[in-house]
Engineer: 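A single structure is presented below for examination.
So that the names make sense, note that chain A is the first sequence line, chain B the second, and so on, each numbered from 1.
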2 protein chains.
Amino acid sequence: MAVSRDQIIVAAIQHLNHDPAASIADIAEAAGVSRATLHRHFTSREDLLLVLNHRALDLWKDAQVKAGVEEAVRSGEPAVITTALSEMLSGLIDAAEEYSFVLTDLGMSVPELRERSDELEGRELALYQAAQRAGVLRADLPVRWISNTVYGLLLAVRESLNRGDVARRDLPRVLHETFFRGAGERGTQSGAGERGPGSGGGPQSAGSA
Amino acid sequence: MAVSRDQIIVAAIQHLNHDPAASIADIAEAAGVSRATLHRHFTSREDLLLVLNHRALDLWKDAQVKAGVEEAVRSGEPAVITTALSEMLSGLIDAAEEYSFVLTDLGMSVPELRERSDELEGRELALYQAAQRAGVLRADLPVRWISNTVYGLLLAVRESLNRGDVARRDLPRVLHETFFRGAGERGTQSGAGERGPGSGGGPQSAGSA
DNA sequence: ATCATTTGAGACATTTATGTCGCAAATGAT
DNA sequence: ATCATTTGCGACATAAATGTCTCAAATGAT
């Protein structure tokens, strides 16, 4: 039974999500084709990863479009912006789930991917800026920090899914709550802000499978 | 001029933070020694990475000790717990800065590292549980989600440092504020919670340098 | 049944990284 | 100055992954 290029792509994504360091031989086996056939579809491992990364960027763009990010920026309406933010976050969960390995794939530094990624992030930054102006997001946090925070929270999503820490259906709620309100009890002062001494790296849960 | 084992370690960390995929040859050059000399200190690349990962775990443990995590858990006092949380977060920034590549190093799945990491995370989980009981952290978020969130925020710290998105001195404040209060404007309802359609992966800024 | 197309198998070549080794050179100690 | 120790160099070996190629086998179309 012939396997289509798209089926190979789907299998490759799923396998790389499970084992980001998987070899071409591993991927071919997971896709149910031989290495020679994989090479007939993709000229190299690098070529395959380029295709996968572009697909992830496509989904990121789709999420922004479907959430109406640009319309929300133009409207400036708090309610519209809030909805756009929420929908974008929820859309990003799906993308994080489907393309989880891409979140930390070093191949993203390739210029053509870098450019697309920067452009998409630029749109998010515009949304965060509009949200700050509209009083939806607090204005005392740099928008680039907020963007990096969203990225970090997507990795939290990925970890939670991989380790079964959080039920899939709970993820939208906990992500939204954490992003908008944080983990602190409502009304609690934020942490004392005193810096601890040079100290321990964060959880080394990355890559756990 | 002879280079000590510790100097090699420091140079290796700095170089790997810059280029996580650096080869043994790259690391030797960065350390100012030959490959043969590097091999006299470390039996293999795997051995070197094991040493570096243990060092990162040492710092994570130090951060917990210095922040008085266990004492805070025992005391149950909201103020003590809040201070412990804050100090731990600040300590983790330093660790994230010094050992940033470890956050996404796949080598952490080695059993001996896995065990230490799980133990350290267990202590953090105990702190988050105590914090929820004391009313410092909201109780409606799973503690494992909170732990993953801290990990994700450390990656946000890493990205912000690598890209110069946030001034180093502002990181403790923005991390604390985001962790305890989120990015939403105070009093704003959290996002609508409606899931967007299957959509775009988060910023592919990982690995950007 | 026959022909055309696609695929798998596996041999082979290439590339890159790692690991080992011997010895001259450099460095350090006396 | 001499001796001991350490290091760098580079050749060599090993390993793993990737890429290429040929051809028989499998599959699909007629």
Engineer: To the nearest angstrom, how far is B:E29 atom CD from D:dC9 atom C1'?
Structural biologist: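 Atom-to-atom, B:E29 to D:dC9, this comes out as 14 Å.
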Engineer: Check DNA chain D for consecutive Watson-Crick or G-U pairs with both distances under 3.5 Å and list the runs of at least three as stems.
Structural biologist: C:1-30 with D:1-30
Engineer: Can you check the B:L48 CG to C:dT18 C1' distance for me, whole Å?
Structural biologist: 13 Å
Engineer: Who pairs with A:E112 by salt bridge (charged side-chain N to carboxylate O under 4.0 Å, His left out), at least two apart in sequence or on another chain?
Structural biologist: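 With neighbours one apart ignored, the set is empty.
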Engineer: What residues form a side chain to side chain donor-acceptor pair (under 3.5 Å) with B:D118, not counting sequence neighbours?
Structural biologist: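 Result, side chain to side chain donor-acceptor pair (under 3.5 Å) vs B:D118: B:R114.
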Engineer: Measure CG/B:L38 against P/C:dT18 and give the value in whole Å, please.
Structural biologist: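 After rounding, the gap between these two atoms is 10 Å.
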Engineer: Think B:T37 has a side-chain N or O under 4.0 angstrom from the OP1 or OP2 of D:dT7?
Structural biologist: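 No, B:T37 has no side-chain N/O under 4.0 Å of OP1/OP2 on D:dT7.
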Engineer: The criterion is side chain to side chain donor-acceptor pair (under 3.5 Å); which residues satisfy it with B:R123, sequence neighbours excluded?
Structural biologist: B:E70, B:E119
Engineer: Among all residues two or more places apart in sequence or in another chain, which pass the salt bridge (charged side-chain N to carboxylate O under 4.0 Å, His left out) test with B:D47?
Structural biologist: none
Engineer: In whole angstroms, how far is the P atom of C:dT16 from the CD atom of A:E46?
Structural biologist: 12 Å
Engineer: Using atom CZ of B:R40 as one end and atom C1' of C:dT18 as the other, report the distance to the nearest whole Å.
Structural biologist: 16 Å
Engineer: Is atom CD of B:Q7 surrounded by more than 12 heavy atoms (other residues, nucleotides or ligands) closer than 6.0 Å?
Structural biologist: yes
Engineer: According to salt bridge (charged side-chain N to carboxylate O under 4.0 Å, His left out), who are the partners of A:R138, at least two apart in sequence or on a separate chain?
Structural biologist: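 Expected list: A:D140, B:E177.
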Engineer: When every nucleotide of nucleotides 12-18 of chain D is labelled 5' to 3' by its protein contacts under 4.0 Å (heavy atoms), B for base, S for sugar-phosphate only, - for none, what sequence of letters results?
Structural biologist: ------S
Engineer: Quick one: list whatever passes side chain to side chain donor-acceptor pair (under 3.5 Å) with A:S44, sequence neighbours left out.
Structural biologist: none
Engineer: Run the salt bridge (charged side-chain N to carboxylate O under 4.0 Å, His left out) test against B:R35 and tell me which residues pass, sequence neighbours left out.
Structural biologist: none
